[in-house]
Structures are given as structure tokens and as C-alpha cells.
J.: 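Pasting a structure here, questions to come.
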Amino acid sequence: MNPQLLLAIPLAPLIAAAIAGLAGRYIGRIGAHTLTIAGVALAFGLSVYMQWLIYSGHAPAYDGPVYTWLVSGGVRMQVGFLVDRLTTLMMCVVTFVSLCVHVYTIGYMRDDPGYTRFFSYIALFTFGMLMLVMANNFMQLFFGWEAVGVVSYLLIGFWYKRPSAIFANLKAFIVNRVGDFGFVIGIAALFSFTHSLSYKAAFAAAPHLAHLTLPVFGGVSALTLICVCLFIGAMGKSAQVPLHVWLPDSMEGPTPISALIHAATMVTAGVYMVARMSPLFEYSSAALSFVLVIGATNALFMGILGVVNNDIKRVVAYSTLSQLGYMVAALGVSDYAGGIFHLMTHACFKALLFLAAGSVIMAMHHEQDMRKMGGLGKYMPITAITCWIGGLSLVAFPFFSGYYSKDAIIEAVGLSQRWGSTYAYWCLLLGAFVTALYTFRLLFMTFHGEERFRRVHAAHDAHGGHDAHGGHDAHGGHDEHAGHGGGIEPRENSLVVTLPLIALAIPSVLLGYFTVGKVLYGNYFGKAIFVLPQHNVLALMARDYHGPFALGLHGFLTVPFALVLAGLFTAWLFVLKRPEWADAAAVKFAWLKRILDQKYYFDWFNERVLARLARGVGLGLWKVGDQGLIDGALVNGTANSVGGFGGVLRRVQSGYLYSYAFWMMIGLAALLGWFLLHA
Amino acid sequence: MHEYLLSLLIWLPIAAGVVVLLLGERNIVAGRWLSLIATLVTLALCVPLWRDFNTHTAAYQFVQKAAWIPRLHAYYALGVDGISMPLIVLTALMTVPVVIAAWDVIKVRPAQYYASFLIMEGLMIGVFSATDALLFYFFWEAMLIPMFLIIGIWGGPRRVYATIKFFLYTFLGSVFMLAALIYMYLKCGSYSISAFQALPLTLTEQRWIFAAFLIAFAVKIPMWPVHTWLPDAHVEAPTGGSVILAAIMLKMGGYGFLRFALPIVPDACRQLYFLIVVLSLIAVVYIGFVALVQQDMKKLIAYSSIAHMGFVTLGIFLVYAILTSTGTTHGAGMGMDGAMVQMVSHGLVSGALFLCVGVLYDRMHTRQISDYGGVVNTMPVFAGFMVLFALANTGLPGTSGFVGEFLVILASFKANFWYTALAALTLILAACYTLWLVKRVVFGPVGNDRVAKLTDLNGREFLILGTLAAVVLLVGIWPAPLLKVMGPSIQHLVHQATATKIPA
């Protein structure tokens, strides 16, 4: 494999980003989007080419350095690439979704004054994500990890005038840093045993590390500590409970990045990382159980929050949290291929759902509240149909992509013997019902039923405090309110918006069908993913695999499918048929609704307890420690108590500065003189 | 030429400073340009220094030796190794933006202002290049005088309190060091630092000397709990003063540990390392929390400096912690490398942040965070730089701020899991205090009418921030050359620091 060609893949978007960012005002809007799209398209083309090279066996997996970052203490740290079947698959996913989002952005950000800046950011993001995916060492992994985090920070706060946006981006960065705290400790621990940051060395040492005990926390296996620490990093990036709190708030960013960063790619980095580290995790069942329980918890409990939310983007965001939980749970039962497979299909259908939601939001003039939508299907058919496709894929309707990946995860967890798998299985199963419930609720509330936007517009203008509005203040001069007074007709968006929807809808339907045999049951990943034979649930499932068609048909007979139908029925009943029942239930189960509205009180705890505590500690240490004890008692106290010093100080303070300098000189001269005389 | 290169680096800025002083306030245009040219030439002189530096030896290079005070056996002896050379380059690099930043901002006695900085530049380079302890001490003390004047004359309203505090702290600290130096001179009859390093000392002697060094260097760095002079000094100092104070003067403490404490009293260091490690970790965690609640931008960055310097002292003394826990010095060099890179990086990043605050202060004449808000709306280019330097301050990979902290954290695990865990807390804390600052100052809707009237960076400001941004990124993306320069000296130092000097 040609290393220069590999290098071109991340560099193309980087160079485009740099030019668009630094010279945006000279190349203009068209220049910026042409350049960045060209850069990302080039990266996509080359990624597909690499995928073909590797998959067809024309080239072996590549593991080589690019340049030496530094040499310290005899350790050479290099920037380098590891490109195998896992990498190329991720590269294709990342660049494909990124390309779709780039095109979509032309339409979505059309009137935004930050147009070129936005393109610069998303191209930069693509660079960071590719560096993360292609890394062959932990330093570079961490670089990519943080780079995507920073771009995410910048993009969540893209509309920097909105107080809610700059709150959300700070929160996202800090919560991610909590995860990174664990991640870095994990890397340091691994490094201390292997004296190297390369994956190769780490993987080679794994069996040995499993038997090593560290004298902390009452003696834990070194490998378990390492894996749990690394996974804490993944919990931040992939928004696993309790570090999930930043993801719903990240919806403050423009919708294209919600699709790209907070659904399809960056948040799946944790899943990718664990799969990449499968040679480590495999030797620590304790760590995998931890992964499993966290993932399954996320899958169910975050999904439930999607059921009560009315903001169309936030519902999709909670859905993302839930689906990430499924992926993580798959990792937890050593079904790494299943996790990555779901990552891949999810990237398509979730990016699609977000972009469709964005299309709806545009048609509704930046209104995100589903209670003010309804009946949009007949006005924007392409959006509605593609959104339905995405939804059906999400609920794992047989023959759709999501079905092949998600039901396989539920089955794998059901077959696993790992500690925690029973709990996880029930979570995932119930999750299937919850997924269907919130998905169909979203579809019904948005595209079907009464056209509620007609009745709310009169009241809408008075209600200026809605957070969506701060955003388009930043959009500059054009008036989004035009027509709010009445009589607006939602319209389908232009081709730059609908084309990416269609481009993503196709794989949302077909990708699973055509790849399940290879990726999931055909040992596609080969050596890229390592599974101990006794953990290999996928091998058990492969025995019953008789082609995608048979598998699809079988899907109609399974428990999860019954749960999907139940979800569909419930959603239909409460949204379309008897909406008043939903209100009645909310009154009857007020305590439950309160917990859900408060999102299980995580935010409350973080803001009211943790953040206050941190500020309190800081204030206490500063006022009591620094100013009270050190300055008050020791420094000034000593000065004052030394006889007459206070008086001296007062006299000196009233004098001229030159005299201080003079006295210092005198002092220095006297000292030197003393030397000269006494030598 | 090589023999005189260091002398040139020291005396050229000093001579230029004297000329600027003689030109006086009436010829300030000439004085200003002369200052700029002098600092640029000094920086240019660093090119041969870097280029011709032999990266395969730990020995002093560019050595110059002449009799100074024969009766005391004190020599005018200069030389650099891989530890001092990068710091000299840093000094030369950071003085240029100070001169440019002052260009038409300093209205009161500008000639004296420039002269102070030029003279200080020479003296600071002298500190890093002296290989004779008395000469070192001369530069060490003399350097305080211009800084003292800078804060005292061009400082803020509470400048007198700050200068006195600054002076008392640092001067008291140095007196103990002087006593230790004299003691060793009396024992070995020479002021050569190399002779001190070779001098056998009993453990008791070493402990006393260590205590003296600790006081001197801990104050300079500054380490908790002798750090309270720094926030006051920074707050009152003019922008240039803060830049030099943070970028260079704090590094003198770290340099002192590396040049004096570790090689001269290794046994005492080995015995008392735990004290330093604890103080360093307190600096990282305690000061991180204190930084969080600051209302004054400069104070916040000052506290952040203390926390970052905690990594320097931690990295330096990790060698003993690793030796104690593993029995070998394998991997100890990485901690010291990390400490050195952290010093260089902190010089760049904190200097740049103080320059950013200066840019705002020149326009609004306030440092209170609450007086700002939404600066990005009126100063988008400035906001870009401020965010970049803030992210570097949080140790973002790809910026210089990452390299040193990463190396120290990696090395620390060998010593003790808890060192790593506490040190790594900086990831969270630095992000909290730095980005919260950014949120309140840079982002958000326009905070008030004065922010609405702000104008973006002028060419002069763009030039200095842009240059520093480029260097910060370069060191982050490709730190290898810096590490290569330091390599042999650090290796040699690890060897010195772990060999016993107790006479048999």
C-alpha cells in the first residue's frame, strides 16, 4: 500500500480546512465549499480504493510510521498509520457521511454568516476523525480523540451568541475531559508496562498483563485497570452513562454536525476504540462485563427519555444514546464485529434521521418543537419518505439495514455467558419496544395528523424566548419570522438537501442486506479484531445463518419484532388516535414524568452539586488557604510581627521606586564588596 | 565567533538598552526602533546557537572563560548545554513580542520601559549561560532590578504592595542560595558549578544545601505554598512584565533545580523527593481549583501558571520516585524531558495568553472577567487566537501544551498510580478554568456597549500572536528537534542525579 496515498487521505480535508478557515474571506463561500467538498471527496475516493485494495487482497494490511514525533527516555513515539479491514471500513463510513453532510450544509447553512467557518470546521473534523481511525499508536489516537472533541466544542458553540450553545459546548468539553482523564491514565498504565505507545506492543503484552496485579484498589489486574480506564475515555466520547449528559445538549449545534459528529462518527469513536483494542479487552472479562452493563443501561434508559421529549432533534439524540448503548453492549459480549456492524448501519440511518430532522426544521423556519408540527408528510414527501426509511431501519424492521445489525446484537447478548448478560439482554429487549415507541411517535407527530403549525403561529411570535431563535439571530439579517403570522406553507427543500437524504436512504435500506453475510458472519475483519474462541458468540450465531433473505424472513417471527409492533401500536394510539390519553397518563404518572423530564436528575446533580462543590472548594482554598492562612497569617503576619517592619513597610511604600532599586543595587554591591574584602 | 556568541547574546541587548536610555524620551522613535532591532538581532543570534549546537554531547558548548574576580577564583565563565540552550532561545523569542506589544501602548517613559526589558533580556540570558556560580548569582539578582522597576513604575494601582512582596519573596529566597554557594566555595575553592557538582558532601551538608536551594527555587517557580506573590505581581505588572515574568522568570526556578539541586545534592534530593512530589501535586490540584474562581483574567492565568509549573517540579523529581519504586532509572528521563518541554511550552502559551489579556486591557482598561462577554462579535480574529492559546493551555494534543504534560503523566505511572491520577486531574481542571474564562470573555452575545465598540487586532498585534501561534503548533506537532537538543544533557543529568556524592 502506498504510504503517500494513505497520507493524502487525512491531509486533503486538513488542507481544505486550513485554506477555508484562514483565507475564507478571500476564496468566498463558493470557493470554501467547493474546496472542502473536493478535499473530503478525494478522501472518500481514496478510502474506497483502500477498502478495495485490502478487501480484495491486493494489498496486505499496512502498519507503518509517517514521522517521528519525539524520542524521549529511549522511547520513540511516531505518528503512523494502521490500515486494515477495520480501519478501511471506518474510513469509508466517516468520509461517506462527511461528504453527504458537506453537500447538505450548502443548503442548510445557506444564509449563515459563518458559512466558510462552518465548512472549515467540518473538514477539520474529518481530518481529526481520520487521524483517530488510522492511528497505529495511542499518542495519535489521543490526538485524533481530542481533535474531534475540539471541533465538536467549536461546532456546538457555532452560534456563539446563544447562551445555551456556549453552555452546551463547555459542558461537552468538560464531560469529555472527565472521560479523557481515565483514558490518559489507561494509556500511561499501558505505557509503563510496554515502554511503547504502539498498538502492536500493547497487543503483544495483553496476555501477560492479565496475570499482573497492581497494588491499587486492593489489588486489581493490570489489564482490567487499563481496559476500564480506556473505556472511561470511550464513555465520555460515546456518551455512556453517567458521562452521557453532554450529548443531548450538543443539539445546540447546527443540524449537519449533529448528524456528522453527534450521531454518525465522533460519538462512535469509543466503540471503534474498544473494537480496535479487542486484543486487550478479550483478556479481561471483568472489564467487558463493565462495558456490557454500562452499554445495556444506556440502551434502555436513554431510549426512555426519547419518549417524553418534544424537541425533534433531542429525540433523535436520545435515540443515538440508546443505539450507542447497543453497540457498547455488543462489545461487552465480545461481539466486536456486531458493534462495528451496527456502527456502520447506524451511521447511515441516524445521519439520515438527523438530516431529515434538519430538513423539517428548515421547512418550519427553525422550529424544533414537534408539538408545533404535524401533517408535514404531504408538503415534503422526500423528507417524509426518507425519514420513514431511517425510522424503520432504526426500529430494526426486517430487511432494513438496522434489523441485521441490531437484532444480531440482542441475540448475541442473549447467547453470551458473561456476567451481566441477563440484565443486559432484558435491557436490550425492552429497548426494542422503547425504540419503536419514540421513533413512531416522532414520525407520527411530525409527518402525520393535524397540522398543528397552523394554529400555533399566531401565538408563536409572542413567544420569543424559545432557544431555537437565538440561533437564527446569528444567521444575520434575513428574517426567519416572515410569514409566521399565518398562512405559511412548509415546502420541500432544494436538491442539495434532499440529495444527501436519498444518498443516505439507500444504504439505510440495503447496506445490511448486502453486507451482513460478510461483515457479521463471514469473519470479514480477520486479524483486525481478536476474539478468544470461548467468547465467540458470533460463531454460534453463524451456524444458523442461511443468507440475508432467510434471516430477514426469520425476523418477522422474533420477540423483538413483536415488541416493535407493540411500540408502533402504542405510538399510533397515543399520538394519532387518542392524543388526550397521553396527557392523562402524564398527569397520572406525574412522578415518573418528573423523573424523566429531569433526565434522571443527572444534570441537576452535576450543576447543583458537582459544579457548586468545585466552585466552593476553589473559593474556600483561595479565601481561606491562600489569602487567610498563607498571606494573612504567614506572609503579612510575619512581616508585621518582625519588629517595626510594618513601619518600615509604610515608609518604603511612600517612597519612590527609584529608591527601592537604589537600595537593591546597594545591597548587591555590599554583598559583592564583602566577598572581595573577605576572599 | 562561537566563543563570543553567548557574550554577544548577553551584552548586545544590555548595550542596546543603555543606548536607548541615553537617547532618552525625546528620541523615543529611534529608541523604539533600536529596541526592536536589538531584540531581533538577539533572536537571530540564536540561529547559529541552535544550528551549531552539538546534540551528541552533554558537555558545555560555546564555552567562554575569562578571569573576573581573581581573588575569589570567580570567572566570567559561560557555556550552554541541552538544558539551558532552549531556555535562552525562549528568552530571546519572548522579548521580541514584548517590545512590539509596547509599541504605541506605553506612553509613560517609554525609553526606560524598553531599556528595562532589553537589559533584563541580557541578564536572563546570563542566568542561563553562566557556568560560574558567582556569575550566576550576579545575573540572578541583577535581573530582579529591571523587573522590579517594570512593575513598580508601569504597574497597576496596587503596584507597590506587589513589588514589595515580589522583592521580599525572591530576595529572601536567594539569600539562602547565596549562603549555600559560599559554603561550597569555601569547601572546594572554586565557584565553578561543575566543581560544585563534583564536590563530595555528607548527607547532613546536602540536606542544608538542599533546603537553601529549595527556598530559592520554590519561590521562583513558584511552588505551593510560597506562590502568593505571583498572582499579585502579575495583576499589577504591565503586559510586558507579565509576559516575561511568566514566560522566563518562572523557568529560572525549574532551571535551578536541574542545574543545582539535582546534580549538587543528589542524595538529599533522593531522600526528600516525596516532599517535592506532594507540593507539585498540591500545585496541580489545589491551584487548579483556586484558578476556577478567579474574577480577574490575569489572576486566573497566574494561578494557571502555578498549576502548570507543578508539572515541571513533578517531572524533575519523578526520577527519584521511579528509582524508589522500581529500583532503576529506566523511564526517568522522560519525566525530566517532560518538565523541560513544559517549561518551554508554558513560556510560549502563558506569554501568549498574557499578551491576549494585554490586547483586551489596552482597549477596555479592565481585567475583570465580568466586564467582558461576547468579544468574538467585535474581535473575531482575536477570538480565534485566544481560543487557540486557551486550548493549548488545557494541554490539547497538537499544541505545545500537550507534550510536556503527556510525558510527565506517562512517566509518573512507573512511580505511583496515584501520582498519575492526581496529575491527570489537570485535564479536567485546566479545561474548566480556561474554557470557562473563554466562555465568559470571548463567547456569548455582546456583553456591553464598550465591548460593542471594540476593534479587532491591528497588524502589530496580529503579527505577534500569529507568530506565537505558529510556534505553539509547531512544537506540538513536531517536538522531536527540541527533545533531541535536550537528550544527552537530560541523560547525563539522570546519571548525576542518581549517583551518590556522600564521601565514603
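Chain letters run A, B, ... following the sequence lines, proteins first, then strands; residues in each count from 1. These values consider heavy atoms only, across backbone and side chains, with no hydrogens, waters or symmetry-generated copies.
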J.: Tell me the closest heavy-atom pair linking A:I156 and A:A165, and the distance in Å.
T.: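 Scanning both residues completely, I find the closest heavy atoms to be O-CB, 3.6 Å.
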
J.: Provide the closest heavy-atom pair for A:F158 versus A:R117 in the form atom of the first, atom of the second, distance.
T.: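 Looking at all heavy atoms of both residues, the closest pair is O-NH2, 3.3 Å.
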
J.: Can you say whether B:L292 sits under 4.5 Å from chain A via the side chain, the backbone, both, or neither, judging by heavy atoms?
T.: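 The answer is the side chain of B:L292.
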
J.: Side chain from CB out, backbone as N, CA, C, O: work out which of these in B:I409 comes under 4.5 Å of a heavy atom of chain A, or both, or neither.
T.: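 Backbone plus side chain of B:I409, per the 4.5 Å heavy-atom cut-off to chain A.
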
J.: Find out whether A:V228 and A:V220 are in side-chain contact, i.e. whether some heavy atom of one side chain is under 4.5 Å from a heavy atom of the other.
T.: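 A side-chain contact is absent here, since even the closest heavy-atom pair is not under 4.5 Å.
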
J.: Ignoring hydrogens, what is the shortest heavy-atom contact between B:A469 and B:L388? Give both atom names and the distance.
T.: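 Closest heavy-atom pair between B:A469 and B:L388: CB-CD2, 3.5 Å.
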
J.: In terms of heavy-atom pairs under 4.5 Å with chain A, which of B:F413, B:Y303, B:F406, B:F289 leads?
T.: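 Result: the option with the highest number of such pairs is B:F413.
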
J.: Please walk me through it: do B:T426 and B:E405 pass side-chain hydrogen bond (donor to acceptor under 3.5 Å, both in side chains)?
T.: CA-CA 9 Å; B:T426 191; B:E405 287 178 15; 4.5 Å; no

J.: Tell me, for B:N416 versus chain A, whether the close heavy atoms (under 4.5 Å) come from the side chain, the backbone, both or neither.
T.: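 When you check distances to chain A, no heavy atom of B:N416 falls under 4.5 Å.
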
J.: Say you draw a straight line from OG of A:S192 to CZ of B:F417; how long is it, rounded to the nearest 0.5 Å?
T.: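 CZ of B:F417 is found 11.0 Å from OG of A:S192.
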
J.: Among the options A:P163, A:A611, A:A614, A:G73, pick out the one with the most heavy-atom pairs lying under 4.5 Å from chain B.
T.: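 Looking at each option in turn, the highest pair count goes to A:A614.
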
J.: Name the option with the most non-hydrogen atom pairs under 4.5 Å to chain A; the candidates are B:T394, B:V438, B:T420.
T.: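 Of the options given, most contacts go to B:T394.
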
J.: With chain A as the partner, which of B:V403, B:V387, B:V494 has the greatest number of non-hydrogen pairs under 4.5 Å?
T.: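 The answer is B:V403.
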
J.: Would you please classify the geometry between the B:H73 ring and the B:Y185 ring as parallel, tilted or perpendicular, with 30° and 60° separating the classes?
T.: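 Aromatic pair B:Y185/B:H73 classed tilted.
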
J.: By a 4.5 Å heavy-atom criterion (distance strictly below it), what part of B:V446 contacts chain A: side chain, backbone, both, or neither?
T.: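 Answer is neither: B:V446 stays 4.5 Å or more from chain A.
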
J.: Under the criterion side-chain contact (heavy atoms from CB on, under 4.5 Å), I'd like the reasoning laid out for B:K414 against A:H195: C-alpha separation, chi angles, the key distance, then a yes or no.
T.: CA-CA 10 Å; B:K414 270 210 179 66; A:H195 304 289; 2.9 Å; yes

J.: For B:Y433, which atoms come within 4.5 Å of any heavy atom of chain A: side chain, backbone, both, or neither?
T.: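 Neither the backbone nor the side chain of B:Y433 comes within 4.5 Å of chain A.
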
J.: Considering only heavy atoms, which portion of B:S412 lies under 4.5 Å from any heavy atom of chain A: side chain, backbone, both, or neither?
T.: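 The answer is neither part of B:S412.
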
J.: Highest number of heavy-atom pairs under 4.5 Å with chain B: which of A:L154, A:I174, A:N169, A:V71?
T.: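 Most heavy-atom pairs under 4.5 Å with chain B: A:I174.
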
J.: Let me know if A:N176 has heavy atoms under 4.5 Å from chain B in its side chain, its backbone, both or neither.
T.: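 Answer is neither: A:N176 stays 4.5 Å or more from chain B.
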
J.: Could you check whether the rings of B:W224 and B:H227 sit parallel, tilted or perpendicular, using 30° and 60° as the cut-offs?
T.: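 Rings of B:W224 and B:H227: parallel, as their planes differ by under 30°.
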
J.: For A:L619, is it the side chain, the backbone, both or neither that has a heavy atom under 4.5 Å from a heavy atom of chain B?
T.: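 Looking at A:L619, backbone and side chain both touch chain B.
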
J.: Specify the closest pair of heavy atoms between A:F183 and A:G233, including all atoms of both residues, with the distance to one decimal.
T.: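 Taking every non-hydrogen atom into account, CB-CA, 3.8 Å.
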
J.: Can you see which heavy atom on B:A283 is nearest to which on B:I287, and at what distance?
T.: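 Closest pair (atom of B:A283, atom of B:I287, distance): O-CB, 2.9 Å.
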
J.: So what's closer than 4.5 Å to chain A heavy atoms on B:I490: side chain, backbone, both or neither?
T.: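 No part of B:I490 comes within 4.5 Å of chain A.
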
J.: Below 4.5 Å from any heavy atom of chain A, which atoms of B:V442 appear? Answer side chain, backbone, both or neither.
T.: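 No part of B:V442 comes within 4.5 Å of chain A.
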
J.: When you compare the side chain of B:V319 with that of B:M336, does any pair of heavy atoms fall below 4.5 Å?
T.: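 Yes; the side chains approach each other to less than 4.5 Å.
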
J.: Heavy-atom cut-off 4.5 Å, strictly under: side chain, backbone, both or neither for A:V75 against chain B?
T.: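 The answer is the side chain of A:V75.
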
J.: Does any backbone or side-chain atom of A:I187 lie under 4.5 Å from a heavy atom of chain B? Answer side chain, backbone, both or neither.
T.: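 Contact with chain B involves both backbone and side-chain atoms of A:I187.
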
J.: Any heavy-atom pair between the side chains of B:W68 and B:F138 that's under 4.5 Å?
T.: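 Heavy-atom side-chain distance check passes, below 4.5 Å.
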
J.: What heavy-atom pair brings B:I151 and B:R159 nearest, and what distance separates the two atoms?
T.: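 Closest heavy-atom pair between B:I151 and B:R159: O-CB, 3.5 Å.
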
J.: Which region of B:W418, side chain (C-beta onward) or backbone (N, CA, C, O), has a non-hydrogen atom less than 4.5 Å from a non-hydrogen atom of chain A, or is it both or neither?
T.: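 Contact with chain A involves the side chain of B:W418 alone.
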
J.: Would B:Q294 and A:W622 satisfy side-chain contact (heavy atoms from CB on, under 4.5 Å), going step by step from the backbone distance to the final call?
T.: CA-CA 9 Å; B:Q294 296 307 312; A:W622 182 38; 3.2 Å; yes

J.: Under 4.5 Å heavy-atom distance to chain A, tell me which part of B:V226 shows up: side chain, backbone, both or neither.
T.: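 Neither part.
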
J.: Heavy-atom cut-off 4.5 Å, strictly under: side chain, backbone, both or neither for B:L407 against chain A?
T.: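 The answer is the side chain of B:L407.
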
J.: Check the surroundings of atom CD in B:Q491: do more than 12 heavy atoms from other residues, nucleotides or ligands lie under 6.0 Å from it?
T.: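 12 or below, so no.
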
J.: Looking at A:V184, A:D626, A:L170, which one has more heavy-atom pairs under 4.5 Å with chain B than the rest?
T.: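 Among A:V184, A:D626, A:L170, the one with the most close pairs to chain B is A:D626.
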
J.: Given a strict heavy-atom distance threshold of 4.5 Å, which part of B:I477 is in contact with chain A: side chain, backbone, both, or neither?
T.: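 Both the backbone and the side chain of B:I477 come within 4.5 Å of chain A.
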
J.: Listed by chain and number, what are the ring-ring contact (aromatic ring centres under 6.0 Å, His included) partners of A:F143, not counting sequence neighbours?
T.: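 Residues passing ring-ring contact (aromatic ring centres under 6.0 Å, His included) with A:F143: none at all.
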
J.: Do any of residues 144-151 of chain A have a heavy atom less than 4.5 Å from a heavy atom of chain B, and if so, which, in residue order?
T.: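 Contacts with chain B: A:E146, A:V150.
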
J.: So if I take each residue of residues 479-488 of chain B and look for any heavy atom under 4.5 Å from a heavy atom in chain A, which residues do I end up with?
T.: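 Within residues 479-488 of chain B, the residues that come under 4.5 Å of chain A (heavy atoms only) are B:P479, B:A480, B:L483.
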
J.: For B:T328, give me all partners under side chain to side chain contact (heavy atoms under 4.5 Å, CB included), at least two apart in sequence or on another chain.
T.: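 Side chain to side chain contact (heavy atoms under 4.5 Å, CB included) check on B:T328 returns B:T326, B:H330.
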
J.: Under a 4.5 Å cutoff for heavy-atom pairs, which residue among B:L186, B:N377, B:V341, B:L391 has the most contacts with chain A?
T.: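 Of the candidates given, the most pairs with chain A belong to B:N377.
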
J.: Quick one: of B:G338, B:A430, B:G444, B:G288, who has the most non-hydrogen atom pairs under 4.5 Å with chain A?
T.: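 The candidate making the most pairs under 4.5 Å is B:G444.
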
